[in-house]
Amino acid sequence: MWKTILRRILIMIPEVIILSILVFLLAKAMPGDPFTGSINPKADPAQIAHLMKINGLDGPWYSQYWNWVVHLFHGNLGNSYQYQEPVTRLIAGRATNTLWLALFTMLLTYAIALPMGVFAGRHEGKLPDTIIRFYTYVTYCIPFFVILVVGIWIFGYVLGWFPTTGSISITASGWLNTIGSRFYHILLPGILGALFSTVNIVQYLRSEVIDAKHSDYVRTARAKGGPTKDIYRHHIFRNSLLPIAAFAGYSITGLLNGSIFTETVFSYPGMGLLFINSISYRDYTVITALVLIYGILNLLGTLLSDIILSLVDPRIRIQ
Amino acid sequence: MNKKKLVLSAVAVLAVIGLAGCSSKSSSSNSSGEKGASLKLPDHYTNTKATDKAATRNGTLHVAEPADAPFAGIGDPNLMSNNEDNDVFAPGAAAPGSINALFISDKNNKIIDGGLANQRLDRKNNTVTITLRKGAKWSNGSPITAKDIEYTYEVIANKASTSQAYTADMNNIKGMAAYHAGTAKTISGIAYPDGETGRSVVIHCTKMTPAMKFVGNSFIAETVEPYDYIKNVPIGKLAASPQVRKNPLFTGPYKLDKIVPGESTSWSKNPYYYGKKPQIKNIVITVVSSNNIDKAIQSGKYDFTSPAGVMHGTDYKQLKNLKNYKIVGQPELGYGYFGFNVGQFDTKTGKNTLDPHSKMANKSLRKAMMYAVNNDAVTKKFSYGISWRANTLIPPIFDNYWDSSAKGFPLDIKKANKLLDDAGYKKKGKWRVQPNGKPLTIYFGAMTGTSAQAATYQDYLQQWHKIGLNVKFATGKTMEMNSFYSTLEAPKQNKIDIYDAAWSVSSEPTPTMYTETSVQNLGHFATAKNTQLINDMNSDKAWNDSYRAKIFKEWQAYMNEEAYVAPDAFSYTWAPVNTRVKGYSLKSSNVDFWSSLSLTSSSMK
Amino acid sequence: MPNKIDQQSSISAADLTRLNQEAQSEATPSTARIIWNEFKADRPAMAALIIIVGFILFVMVAALFIDTPKMMETNIMNYFNPPFSAQDWLGADSAGRSIAQQLIVGSRNSIGIALGLTAISSTFGIAWGLISGYFNGYVDWGMQRVYDFMMMLPMLMIIIVLVTIIPHYNAITLTLIFSLFYWEGTSRLIRSRTLAEADKDYVAASITSGTNQWKIIFNQIMPNISSLIIVDTTLSFAENIGVETGLSFLGFGLPSQTPSLGTLIANANDPNNITQYWWTWLPAALEIIVLCLSISYIGQVLRRAADASQRQGMTN
Amino acid sequence: MATEDSFLTIKDVSTAFKINGQYYDAISHINLTVHHDEILALVGESGCGKSTLATTIMGLHDPDETRITGEVDLEGTNLLQLDENGYNQFRGAKIGMIFQDPLSALNPLKRVEDQIQEVLDYHTTLSTAAKHDRVMELLDQVGIVNPPRTARQYPHELSGGMRQRVIIAIAIACKPDLIIADEPTTALDVTIQAQILDVLRSIQTENHAGIILITHDLGVVAETADRVAVMYAGQIVELGSAEQIFNTPKHPYTRSLLRSMPQLNNESDDLYVIQGNVPSLRRLPTTGDRFAPRIPWVPASEHEATPTMHEVAPGHKVRCTCYRNFTFPDEKGSDRV
Amino acid sequence: MSLIEIHNLKVHYPIRSGFWNRVTDSVKAVDGISFNIEAGETYGLVGESGSGKSTTGKSVVGLEKVTSGQIIYQGQDITQPANRRRLHYNRDVQMIFQDSLSSLNPRKRIEDIIAEPLRNFEHLSKDDEKLRVLQLLDIVGLDADALYKYPHQFSGGQRQRIGVARAVATNPKLIIADEPVSALDLSVQAQVLNFMKRIQQEFGISYLFISHDLGVVRHMCNNIAIMHKGRLVELGTRDDIYHHPLHIYTKRLLAAIPETNVNQRAAHRATRQAVEQAYQDQQARYYDADGAPFPLVAVSPTHFVALPADFAQSLAHAEQEVQA
């Protein structure tokens, strides 16, 4: 199994290399440079050239790329022009926030979606099923940011139940307070994100449950004389949940995309907001690093899904 | 959105600067527009309520910093590069925008005694002597020394420095160029009469200029750096170091307790502050998305927005009638303007040259375009009075220099048409053609911004269409800020003929961005008279204040006459202030902004 | 040997017309007819179909009568006109532009983008999925690597970067940019079904009948996944109508002079608009929801029609 | 075989499925008894209702989609009257079922042992260790060579024959009186089929169970069954001992089936072909003999208007009177009756 | 000359494993079989699932990528796709599939299905083509109104007849019938088998009839090959195989066929169990050290068995004596 994972990771390497070249070139192709308009007008052109040079912005693209890669291998992604600190440190701080939020959203998503999907599948065609399906249709049709914007307006401003900005209150002290404050800040975006991302899982799980319900092995289980609840617990739930569990890795992709919206609306300082800001500031080092990181996270998500699936499904054991 | 302002190193000092990309432009005002704003905002809030003792003991002042991005968190005035950092570290300074500043100034921004240090200019010996007040201390209790003054120059000028604050004018200090180039280890022009730990430094210059009398000039750095505290950090790495990020030192009334990177800062009283004793136990400054700032204020979460924070006209409309908030404001250090592309920058000689054959080289055309713009109406509708039509290129906050009598370009379609007719721009079909008969299409460059700005730009186009000029957006739409500036900064370009942009200026108003050699002279105009006038502003004669004012006014008249760059709008810098706040005053005479503040109640209402 | 067949069968050329007519009268209705019957049987679905088709036609035609540049002119006097007023029955936005007119032109633009995007990405995705699924071996391996790589790309980020790079981007370039990424879901779906189909004996039968590989892919296999294709395309279309809204919200959408549902909904990114000037964004949001729901509903019917023909196959 | 020792009596059972809101009988008016120690084969072509009868006895139909009438009496209890919980006392305990497709009938995610033990969990109070022992015993009983190893495996790791043995182990775990085997060997190779049939028979001997063996393969029936019920279009058309059915078949359908088999000793060129098709569920004739359309040369007068079962020999019953003078068209005058 | 000669045909599927996912082993689906198909004859290929009989059939018709060996048709090795194309091989060699539903494209009308090979090989005019399809339908006993219907509207037996019609459309010389009746009910099976026989007689087609059902094979085939583990274990005439089986595997298969003679079921079971016992006990004598069948040796001009020559001869003698 470890060998297979290692091999998968090796296969990823060329993909990551191509991605790195791609993002590097894309970033270079963006108009303007990080100093556009920000140079002191009294500074002479030599000073600008000097700054470009110490930031590795001179020379042809391949030499810039090569420098970048060499630094990359030293764990050095360069400095953010906008934030004047090492990109690794900058992103590390933001990544923590994004991961907190993503993790919470994911847990909440599953906490909401699993009962809903199972319930809808179990009562296929009945009223609760109709209601749940209507909910999924409507949610599917509403743009994500509309949910966020309306949500922050109602619960953040009108009702004032939740903070509307930031990741933690500065007045929080002590570990309990700190964690509490962090949690309080991700609560609303997490709930809204979860409400949105349940849709796919609910629909998928529902049809899985319906399939499982009509499967031969459930018929076998019924022929064993098991009570309905045991049959659901031992056979239907478990078998329908497996593909969903494997979905978890892939859902990282969705959460990362969503983070760009959530963090923008909630001024939540995570990687998504950092990306949007960096685009405006042409902060290449940050842009390239973020795209690369998101790409690698996507890859790892896929790998994770495969691993989970092989762990939980004996038919797909990785040798 | 993108209101990337290019700020400079903080201190209300530094020279000109950045482009206030998008703050609200446009203005209201009476129809003739000579006298500035129709809306009069008070520059202070007189709160007569008694100060609650409990509030003083336990109260927390909540300040909102409107911003689209988390702040960078560089707690050093010479290294920070955006407004947000300046704002969130403001309580470390006596007054907003003067973190670790040496000097205080009068209402004309002239340096006066009584600050952290006093300055003496010696025109005979070409020296500047700066003397620290006695017993001045950093917020950690260690003394402020002469070396701290000098170290500012090292931080700015060091070869490895990430600071953007180094200016060509600093080469005026002896030995500075060599240090900057890395050929000298120390700056030979800076001397310590009583040693590095003493209280004074003497700066030897090659020449003295009148600008040196004012805060915000680009010749003399006006801050201190805590040398002892940061001496072990290589200057190239200073901006990323914890000494600057986590626990920066300040000289102001409050000291930094805690910082949540990108989000908020928390402050408590600095017992070592030399000036007026601070009165509030705790100050918290939090970044609030500029989209949400109105809702945040309306729901009563903050006492006021950062005094220098960017607030739009639409925000004013939303907030002006709140019962528990008062609006306080003063004219902005900056202005919006129209620029015309009339030349190119010669990279070899480093000079801008006028191209007499360029599309916009005709003065009548430029002026006609300006007279066609209905800025009075536009600003009134979209900014609710916090912007108004500008009449010159010097903002009214510079009382001495601003020419209040300048007419600017009020709406006058008739005059515009006449100018064009006289200059030979005849109508051929729907549009006017060039005097030589060739068709005329003018490309307008504008930055993507708020919806009000988009509407404004659209209105400009419509107005120009009214006088028969075929004006189109360059690239067909508004431009994202970076594309906009990278297009304009090209030495020679023909994509944009006229553009709308903004400058925020330093408290010393010499318009260096319009000089023959400036790379920020985006329209590349250069005339002998302009060069002469700007040089005169800092000539020996200009030590005479009234002469200097006269030159400034002459320059304003000249610019309005030639219209290479034409004024667009002036604005207020303003903030909603909660009625529990006492002592809020933006008066420039209030050198103790932060320590003057107190709370009348411990709970916000 | 044709003679042999002639000898074995009593049918000769003389009977051809008669038999053909007989056969014709017994002919089974086509898939299209089955789907149509399904719609006729399902009133809500019919209503959804009428709404969609009627709305699209209305928007396409009405948009012809609107002078877009004129409509997008700033009209200071109409600044945030409330709805149901004389000039603008749906009100006006911050530049005094009619929301109703913008809604029509914006719908046209958004639907146009959705149609273009669906056409490009579905065609590409279907072709990719069919080819990759049919040919195993190196072709499939190579195509799968490309697919994996595309899947790894953080789509939204790359789109934003591309949008900022392209200087003269407009609805068409935007459609093309989206098309770069939106074929993936379709291709995966189609590929997995093609893999299953390619294993079926009728494909083997076609091979042994000497049919060329491309004909097998597009004439034999594709019709068999047509119901999947129809349903997937329908649902993609529903999704694609709102595709540019997210970008517009983040500020990377269509140019401001090109109204779209996205630019209208993006008005909601100013919280003041949410409550005070709700008419600037709400109608567009509702429209997207209604369109998307209707199309999804139609998709359900199509899916049912497809299933029904299969069920029929089992009971007969 | 006296009726007294029959422990399962199926009385007048009909099962109808709902199709587009209307009910259609899949089996109608079935009467059968099953005795201990016997294998009763239900034979017929696909669609004749064999499996429906099995699932009806097991109570596995969705009550919303089916309408079941009649009585299934197992040792004094009418199963059709039971609610779900009541039924569960019988399923697995008194009735075991063996399914056709051994792969899909096993939960792919559970080890063999867990799947067998599940029955014991539901119906016994044995200790865990005792259950484990019982599982090993069962696996051994169904002829699995290495029970501990197989018990730890997952279904996909087993061959088709092994899987079917596991299913049998599940079915017999609680020593049920009745085992219903629904096409237990159809998916298997002929050699494996023989082994599985041997296992079934040995189980029956050991447990004294009654087995209902559902199959379409006359060979399997001839090899295994004690009694045979031939089904056509939802009805039993002939019922008798294996000897009676194979040696003296009466009903035209039974005779047609036997005649259309490629016999090992029959190398003639043409096989007998029954005319027409099995009617689909929705087109079942509601009156008259359902097989009549497929023997059109038999005059209507030969058929009963409402066909009933006639006892032609002790224990040998035939539906409808048409059997009396039935001959195949190509053997007119043959003396075979 | 034989219609088709198969020489040492091998079809191996690679198994990849190890760190670099290299091919480390292979599943030997077909592992070196040779036989000839004569014109007009019927060959039965019998074996259990996984014995490689279907793979062999598919290789002959060109559906399977052959690992090694040759299939010679008209002097050309048709394991090369180019040769198949040039010879219009599939006009002469056709196939009938087991699953009649999946072998007919559910989205195509019957006319298009039957005409498919015609369109590829014969290029008839529209009317001629339609006429040919109608005639073919007539031959397999279907009415003209089938023309514009879809496969799912027919019963299993009718569909299989449509499959037959398609297979004979181009007047092939050989039809590979892969379990053509195993999915059908008894009565329908009889119908299809009758058609296949009739068509063979009338058109002089050769069949390679693949089945696991020895009863059906016996009914249909004059020549029978028994396959096991990818190799042929016994090859001979119907009489050779059914009455003089030599290989223990053949005997076991024959013994496992259920008898319809109820009166002798006990005896039959005893025989079967005895053969099964012998099969279990005597593996070593009948298979080589790797458990694979030996190469074929001839025991008579028509009868071949996969055993060491001497052992085969002794078995043959013993057999003759028993018969005598």
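As a basis for the values below, the full set of heavy atoms in this structure was taken, side chains included, without hydrogen atoms, waters or symmetry mates. Order of the sequence lines fixes the chain letters, A, B, ..., with proteins taken first and strands second; residue numbering starts at 1 for each chain.
- Side-chain atoms of E/D185 come within 3.5 Å of backbone atoms of D/S46 as a donor-acceptor pair (strictly under, hydrogens ignored).
- In terms of modelled atom types and a separation under 3.5 Å, the side chain of E/E259 and the main chain of D/G219 share no donor-acceptor contact.
- Among D/L271, D/I274, D/V273, the single residue meeting the side-chain contact (heavy atoms from CB on, under 4.5 Å) criterion with E/Q191 is D/V273.
- Looking at D/T224, only its backbone comes within 4.5 Å of chain E, counting heavy atoms on both sides.
- The choice from D/L218, D/V190, D/V221, D/L188 that makes the most heavy-atom pairs within less than 4.5 Å of chain E is D/V190.
- Atom NZ of E/K58 is surrounded by 12 or fewer heavy atoms from other residues, nucleotides or ligands within 6.0 Å.
- Rounding to the nearest 0.5 Å gives a distance of 13.0 Å between CG of E/L186 and CZ of D/R259.
- Here the CG atom belonging to E/N261 is positioned 10.0 Å from the CZ atom belonging to D/F246, to the nearest 0.5 angstrom.
- Of the possible donor and acceptor atoms, one in the side chain of E/R265 sits under 3.5 Å from a partner among the backbone N and O of D/A225.
- D/D189 places no side-chain N or O within donor-acceptor distance of the main-chain N or O of E/E48, the cut-off being under 3.5 Å.
- By number of non-hydrogen pairs under 4.5 angstrom with chain D, the leading residue of E/Q189, E/Q158, E/H212, E/R252 is E/R252.
- No side-chain heavy atom of E/V262 sits less than 4.5 Å from a side-chain heavy atom of D/E223.
- For the set D/E243, D/H216, D/R201, D/Q193, the count of heavy-atom pairs under 4.5 angstrom toward chain E peaks at D/R201.
- No side-chain heavy atom of E/R218 sits less than 4.5 Å from a side-chain heavy atom of D/P262.
- For the atom pair CG of D/L197 and CZ of E/R272, the computed distance is 7.0 Å after rounding to the nearest 0.5 Å.
- In terms of non-hydrogen atom pairs under 4.5 Å with chain D, the most contact-rich of E/A266, E/A255, E/S187, E/G156 is E/S187.
- For the atom pair OG1 (E/T260) and CG (D/L257), the distance works out to 12.0 Å, reported to the nearest 0.5 Å.
- Atom NZ of D/K317 sits in a sparse spot, with 12 or fewer heavy atoms from other residues, nucleotides or ligands closer than 6.0 Å.
- Using a 4.5 Å cut-off between heavy atoms, E/Q264 makes no contact with chain D at all.
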